[in-house]
Amino acid sequence: GAVVSQHPSWVICKSGTSVKIECRSLDFQATTMFWYRQFPKQSLMLMATSNEGSKATYEQGVEKDKFLINHASLTLSTLTVTSAHPEDSSFYICSASSGATSTDTQYFGPGTRLTVL
Amino acid sequence: AQSVAQPEDQVNVAEGNPLTVKCTYSVSGNPYLFWYVQYPNRGLQFLLKYITGDNLVKGSYGFEAEFNKSQTSFHLKKPSALVSDSALYFCAVRLTPRSNYQLIWGAGTKLIIKP
């Protein structure tokens with residue numbers, strides 16, 4: 001149980017294009033989903049938190065117009081990197097939590113490796 | 001500032017020996033504590049968590065962690081290491097109460113188990 005998938009697992013795109021990453025909770029309803037970015041040999045950096053049906057809450061320094069997050073259903077959240085640039089190249093990981101209490105565990109997707117040329 | 005520290009960037013252990021990956025935290029209130037493991041080019045897998053109750057928490061793959069409130073620590077342990085345990089381990093703390101239940105992450109510890 002508690003499986004989270006991400007698609008695609010890796011993507012290479014040209015500078016200036018937009019890329020959409022999907023995060024799905026396969027066997028539970030995710031009230032809250034989180035999007036992280038991880039740089040090589042570093043810890044996770046929380047980008048934003050999204051609750052189903054409402055706007056995402058972005059962390060300080062994260063451009064909401066560049067990283068568009070949509071949490072349209074209890075099993076799907078998407079992150080769209082708009083007008084991607086080489087500095088956006090990174091490992092993007094989503095996580096999902098089934099409840100709204102702080103005891104709930106976050107379950108992580110396998111990550112998406114984005115390379116912008 | 002509230003933070004989580006993993007003082008060792010890397011831990012080397014011989015297969016079959018016990019292992020410990022250290023984690024200390026500096027937060028206000030009563031935090032909830034988590035350990036996650038990350039294999040190369042993969043997402044994170046949940047290992048265990050401490051919410052309340054018994055200070056010794058048992059988790060996946062034979063791992064356990066001991067919550068020590070006086071030392072504000074939550075060290076990850078395993079009695080006998082396997083080569084397959086080699087991975088990156090992250091300690092995380094969830095603050096309570098918070099509106100978005102954000103996790104504060106340690107920097108990670110690379111665990112290398114040698115045959």
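Reminder, nothing fancy here: chain letters follow the sequence lines and each chain counts from 1. Computed from a predicted model, the values in this text were never measured in an experiment.
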A quick test of your reading: do over 12 heavy atoms of other residues, nucleotides or ligands sit less than 6.0 Å from NZ of A:Lys20? no
Cluster check B:Val93, B:Val21: I/L/V/M/F/W/Y, side chain < 4.5 angstrom: yes
Point-to-point distance, once rounded to the nearest 0.5 Å, from OG1 of A:Thr105 to OH of B:Tyr36: 5.5 Å
Is A:Leu46 reachable from A:Leu114 through a run of hydrophobic residues whose side-chain heavy atoms are each under 4.5 Å from the next? no
Considering only heavy atoms, which portion of A:Ile93 lies under 4.5 Å from any heavy atom of chain B: side chain, backbone, both, or neither? side chain
Can you say whether A:Gln6 sits under 4.5 Å from chain B via the side chain, the backbone, both, or neither, judging by heavy atoms? neither
Do B:Trp105 and A:Phe108 have ring centres separated by under 6.0 Å? yes
ILVMFWY network linking B:Leu47 to B:Tyr39, side-chain heavy atoms under 4.5 angstrom: yes
Starting at CG of B:Leu44, measure out to CG of A:Leu44 and round the result to the nearest 0.5 Å. 5.5 Å
Counting distance only, does the side-chain N/O of A:Ser43 pair as donor-acceptor with the main-chain N or O of B:Gly106 below 3.5 Å? yes
If hydrophobic clusters are built by linking Ile, Leu, Val, Met, Phe, Trp and Tyr wherever their side-chain heavy atoms come under 4.5 Å apart, do B:Phe74 and B:Val27 end up in the same one? yes
Part of B:Gln45 within contact of chain A (heavy atom distance under 4.5 Å): neither
If hydrophobic clusters are built from ILVMFWY residues whose side chains come within less than 4.5 Å, do B:Tyr89 and B:Tyr61 share one? yes
